[in-house]
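Since the structure is predicted, the reported quantities are computational estimates derived from the model, not experimental observations. All chains are named by letter (A, B, ...) in the order of the sequence lines, taking the proteins before the strands, and each is independently numbered beginning at 1.
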Amino acid sequence: MRGRERRGRAARRHRSLHPRDAPLARRAGSGGRMSEAERAARRERLEALRARGIDPYPARVGSVERIRDVRDRHEGDDAARLEASSHRVAVAGRIMSQRSFGKLRFFDLVEDGVKLQVSARKGETPDSVLELLDLLDVGDSVRVEGRLWRTRTGELTAAADGLVLLAKSLRPLPEKWHGLQDVEARFRHRHLDLLVNESARRVAFVRSATVRAIRAFLDARGFLEVETPVLQPLYGGAAARPFVTRLHVFDQELYLRISDELYLKRLVVGGLDRVYEIGRDFRNEGVSRKHNPEFTMLECYQAYTDYRGMMELVESMVEHLARTVLGHTRVEYQGKAIELAGPYPRFTLREAIEQATGIDILECADFASLAAAARAKGLDPGQAPTWGRLVDHLFGEHVEPTLQQPTFMVDYPVELSPLAKRSAEDPRLVERFELFVAGMEIGNAFSELNDPDDQRARFVEQRDAARAGDDEAHPMDEDYLRALEHGLPPTGGLGVGVGRLAMVLADAPTLREVELFPHLRPEPPQ
RNA sequence: GGGCGCGUAGCUCAAUUGGCAGAGCAAGGGACUCUUAAUCCCUAGGUUGUAGGUUCGAUUCCUACCGCGCUCACCA
């Protein structure tokens with residue numbers, strides 16, 4: 001918004017060089033813009049307050065009760081009862097609206113999303129309060145002291161006899177009835193979105209409750225919450241391009257992590273047998289409905305189990321989250337009913353792709369034959385450079401969008417999973433599953449590869465892929481191999497996209513809605 | 001990056017085939033002692049995203065650019 005104003009002023013300066021624009025320039029100069037006029041009016045009141053010796057931004061609030069508690073306590077008290085007992089309260093909040101009737105005025109005080117109506121009446125309310133009220137605006141924070149009563153319409157109301165300004169607001173709030181609709185403005189000025197759009201608050205609470213419930217669930221199962229480096233000398237644990245940064249004191253190039261995986265497994269080697277981390281990962285790639293350059297990932301690792309253990313874990317966890325956060329497991333997501341109670345159906349990647357496309361990926365076990373099979377079926381093989389990536393492409397294109405109900409896909413090609421243990425039945429596959437809900441990948445897990453020699457061979461393959469131009473190939477990590485050589489017990493590992501899970505629970509259409517500050521293109525200069 | 005759509009007052013939205021750019025909320029002034037989207041009267045607030053072009057005349061048509069949305073590509 002500021003950018004637009006800057007542009008406007010710059011344009012005006014520029015255009016005023018043209019004589020034909022002189023009358024318009026004069027009008028703009030003398031009349032001023034409405035936004036500036038309203039802000040000027042608020043500033044005038046701010047100065048008027050200061051002139052009276054009132055600090056518009058005092059340091060102390062004084063004791064107050066939470067509005068929520070006041071409402072709860074007096075929920076059942078009718079007008080007569082309040083009148084008889086003369087309850088006094090002191091509360092603080094933001095003025096969100098006001099209504100004036102000459103000698104009687106009301107305003108709504110909101111604190112943490114809960115409203116309490118306040119009244120002031122000429123002849124009853126102290127003059128000092130009425131005078132201060134004249135200098136207040138919608139948006140200001142105040143402390144109110146007064147006696148509780150109920151209006152004829154039954155609204156619990158505090159008759160103010162004490163009023164203290166706590167913070168002056170210098171800009172108007174968005175429209176009170178429609179709220180803030182402009183998507184860009186909602187994300188760029190999230191504070192306004194939260195202030196005037198109830199749904200924004202709801203989503204923030206659902207996400208927070210989801211994270212809290214994840215912690216409670218894992219803590220109860222004996223997992224230890226840990227924190228591992230965000231700044232890593234070598235990134236890994238996923239196929240993605242990293243962000244690069246630099247530590248000046250060591251003149252060291254560092255990467256923002258793309259996953260926590262390799263560090264968490266080092267901890268399992270170290271005897272922390274059940275660990276988890278909820279943290280931000282950073283992937284230097286596209287932004288979409290389901291992707292943000294930084295996002296929150298839950299990763300947990302449990303020794304002495306495998307991917308089947310993780311399947312049970314994530315199934316129980318998702319069901320638990322729905323019950324805890326929403327109170328039920330049947331959710332409505334973008335108009336479709338989704339049942340989050342387990343058990344979830346399981347399909348192999350092979351059978352799912354075959355069912356959707358008629359192509360058996362294990363029959364067409366090399367890139368050329370698989371690409372040919374795809375073309376024969378009239379399918380676009382896209383730009384996938386390898387067999388594994390083509391499998392991924394076919395799956396993403398023809399299977400993933402259909403997986404609305406929670407579904408496990410199992411048995412992935414080894415090429416796509418350099419950190420997963422090879423399947424005992426088929427060395428082309430690994431013991432891995434992904435969980436899909438609402439057409440999105442929510443979770444990813446495998447039996448962790450703990451054979452250091454096989455791991456080294458996989459890293460070498462990745463290095464070859466990188467040399468062949470795969471900029472998402474996993475880098476060789478000697479330090480991690482060294483940890484594996486000390487012996488990683490059989491371990492199941494799981495990653496869950498917390499934001500995507502929150503999308504499902506909050507019925508949010510995009511990841512940006514559950515991300516308080518989604519990444520936006522920078523505002524243009526001038 | 002490609003395609004489609006959008007950009008009008010602080011906010012939410014109008015504007016006929018190209019013919020003086022409007023309303024509600026918010027703001028300023030006034031009336032009003034039970035409202036809660038209060039109501040009523042008055043006032044002010046706009047280079048219609050930016051820059052060009054066509055035209056007697058452009059919010060409207062054309063081009064480019066900027067931004068946003070959807071979508072495709074990309075992306076575990």
Side-chain angles (χ1 to χ4, degrees), chain A residues 1 3-5 7-8 10-12 14-16 18 20-21 23-25 27-28 31-42 44 79 96-108 115 117 119-124 137-139 149-155 157 171-188 192 196 237-241 258-259 283-293 297 380 382-383 388-389 392-393 395-396 400 409 412 416-417 432 434 436 440-444 472 495 497 509-510 512 520-526:
Chain A
M1 207 181 296
R4 250 172 243 152
E5 282 158 16
R7 276 203 305 282
R12 215 180 307 147
H14 177 243
R15 294 296 300 277
S16 68
H18 298 274
R20 66 187 165 88
D21 290 321
L24 288 170
R27 195 176 66 191
R33 307 176 133 219
M34 195 54 227
S35 60
E36 286 165 9
E38 183 163 350
R39 264 182 278 150
R42 286 171 180 250
E44 273 175 34
M96 292 301 286
S97 65
Q98 58 173 343
R99 298 165 291 283
S100 160
F101 297 82
K103 289 176 182 163
L104 172 66
R105 54 211 300 195
F106 295 102
F107 60 90
D108 290 338
K115 179 189 99 173
Q117 180 168 266
S119 65
R121 201 189 295 257
K122 198 162 275 183
E124 187 181 310
D137 292 286
V138 168
W149 62 291
R150 259 188 213 282
T151 64
R152 281 173 204 162
T153 53
E155 179 86 26
T157 304
R171 288 176 184 268
L173 290 174
E175 210 247 10
K176 64 182 172 188
W177 183 240
H178 298 91
L180 189 63
Q181 298 295 322
D182 182 73
V183 177
E184 185 184 0
R186 285 184 44 229
F187 294 151
R188 285 202 198 278
L192 293 177
V196 301
R241 292 166 65 192
I258 59 172
S259 87
R283 297 185 183 177
N284 207 339
E285 47 201 30
V287 179
S288 80
R289 192 176 77 83
K290 308 186 254 190
H291 298 266
N292 197 55
M297 176 92 103
D380 177 13
Q383 276 136 34
R389 297 283 281 275
D392 200 33
H393 172 80
F395 174 78
E400 183 171 354
M409 298 301 309
Y412 279 67
L416 290 175
S417 317
R432 171 183 176 185
E434 290 187 312
F436 293 86
M440 289 187 294
E441 182 199 337
I442 296 292
N444 178 24
E472 293 181 353
T510 68
R512 295 182 316 167
L520 300 177
R521 193 181 300 272
E523 286 190 277
Q526 292 260 319

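Scanning both residues, A/Gln181 and A/Arg186, for their nearest heavy atoms gives O-CD, 3.9 Å. Here the closest non-hydrogen pair linking A/Leu180 and A/Val196 is N-CG2, 3.7 Å. Taking each heavy atom of A/Ala238 and A/Ile258 in turn, the nearest pair found is O-CD1, 3.3 Å.
Environment of CZ in A/Arg241: sparse, with no more than 12 heavy atoms of neighbouring residues, nucleotides or ligands closer than 6.0 Å.
Between the P atoms of B/rA21 and B/rA9, the separation comes to 15 Å (whole Å). A distance of about 30 Å separates the C1' atoms of B/rG52 and B/rG10, rounded to the whole Å. Comparing the same atom, P, in B/rC13 and in B/rU55 gives a spacing of 36 Å after rounding to whole Å. Here, B/rA37 and B/rU50 have their P atoms 37 Å apart, quoted to the whole Å. B/rC34 and B/rU47 have their P atoms separated by 41 Å, with the value rounded to a whole Å. Taking atom P on both B/rG24 and B/rA44, the two are 14 Å apart, rounded to the nearest angstrom. Annotation: B/rC25 and B/rU39 have their C1' atoms spaced 14 Å apart (nearest Å). Across B/rG46 and B/rC40, the matching P atoms stand 25 Å from one another, rounded to whole Å.
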Problem - Intermediate values then yes/no, salt bridge (charged side-chain N to carboxylate O under 4.0 Å, His left out), A/Glu155 and A/Lys115 - result: CA-CA 11 Å; A/Glu155 179 86 26; A/Lys115 179 189 99 173; 3.5 Å; yes

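If you check every strand for non-hydrogen atoms under 4.0 Å, A/Leu416 touches a base. Within the 4.0 angstrom heavy-atom criterion, no nucleotide atom of any strand lies near A/Lys290.
Here the side chain of A/Glu285 is nearest to one of B/rA76, B/rC75, B/rG28, namely B/rC75. Of the listed nucleotides (B/rA76, B/rA26, B/rA37), B/rA37 has the atom at the smallest distance from the side chain of A/Trp177. Each of B/rC75, B/rC70, B/rA27 was ranked by its minimum atom distance to the side chain of A/Val138; first place goes to B/rA27. You'll find that the side chain of A/Val183 is closest to B/rG69, out of B/rG69, B/rC75, B/rA27.
Between the NE2 atom of A/His178 and the C1' atom of B/rG10 there is a distance of 15 Å, given to the nearest Å. A straight line from CG of A/Leu180 to P of B/rC25 spans 19 Å, rounded to a whole angstrom. Look at CD on A/Glu38: it is 7 Å from P on B/rG28, rounded to the nearest Å. Between the CD atom of A/Glu175 and the C1' atom of B/rG24 there is a distance of 7 Å, given to the nearest Å. Rounding to whole angstrom units, CZ of residue A/Arg188 and C1' of B/rG67 are separated by 8 Å. To the nearest angstrom, C1' of B/rG7 lies 9 Å from CG of A/Asp182. For A/Arg105 and B/rU39, the CZ to C1' distance is 16 Å, given to the nearest whole Å. A/Arg171 has its CZ atom 24 Å from the P atom of B/rC25, to the nearest Å.
In this structure, B/rG45 makes no Watson-Crick or G-U wobble pair, since no nucleotide meets both defining distances under 3.5 angstrom. Pairing of B/rC20, defined by two Watson-Crick or G-U wobble distances under 3.5 Å, is not identified with any nucleotide. B/rG5 is paired with B/rC68 under the criterion used here, namely a Watson-Crick or G-U wobble arrangement in which both key atom distances are under 3.5 Å. When both distances must be under 3.5 Å, the Watson-Crick or G-U wobble mate of B/rC34 does not exist. When both pairing distances are held under 3.5 Å, B/rA14 makes no Watson-Crick or G-U pair with any nucleotide shown. Nucleotide B/rU63 forms a pair with B/rA51, judged by Watson-Crick or G-U wobble geometry with both contacts under 3.5 Å.
Checked by atom type and distance alone, the side chain of A/Arg432 pairs as donor or acceptor with a backbone atom of A/Leu416 at under 3.5 Å.
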Could you list, one pair per line, each protein nitrogen or oxygen that sits under 3.5 Å from a nitrogen or oxygen of nucleotides 32-35 of chain B, together with the distance?
from: B/rC32; atom 1: N3; to: A/Gly102; atom 2: N; distance (Å): 3.2
from: B/rC32; atom 1: N4; to: A/Gly102; atom 2: N; distance (Å): 3.2
from: B/rU33; atom 1: O2; to: A/Arg121; atom 2: NH1; distance (Å): 2.6
from: B/rC34; atom 1: O2'; to: A/Arg152; atom 2: NH1; distance (Å): 3.4
from: B/rC34; atom 1: O2; to: A/Arg152; atom 2: N; distance (Å): 2.6
from: B/rU35; atom 1: O2; to: A/Arg99; atom 2: NE; distance (Å): 2.6
from: B/rU35; atom 1: O2; to: A/Arg99; atom 2: NH2; distance (Å): 3.4
from: B/rU35; atom 1: O2; to: A/Gln117; atom 2: OE1; distance (Å): 3.3
from: B/rU35; atom 1: N3; to: A/Gln117; atom 2: OE1; distance (Å): 2.8
from: B/rU35; atom 1: N3; to: A/Gln117; atom 2: NE2; distance (Å): 2.9
from: B/rU35; atom 1: O4; to: A/Gln117; atom 2: NE2; distance (Å): 2.7
from: B/rU35; atom 1: O4; to: A/Thr151; atom 2: OG1; distance (Å): 2.8

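Residues A/Arg512 and A/Asn292 have side chains that never bring a donor and an acceptor to within less than 3.5 angstrom of each other.
Where A/Arg512 and A/Arg42 meet RNA chain B, the nucleotide closest to each residue was compared, and A/Arg42 sits on the side nearer the 5' end.
To the nearest 0.5 Å, atom NZ of residue A/Lys290 and atom CD1 of residue A/Ile442 are 9.5 Å apart. Taking CE from A/Met409 and CG from A/Asn444, the interatomic distance works out to 12.5 Å, rounded to the nearest 0.5 Å.
Scanning atom types as modelled, no donor and acceptor separated by under 3.5 angstrom connect the side chain of A/Asp392 and the base of B/rA76.
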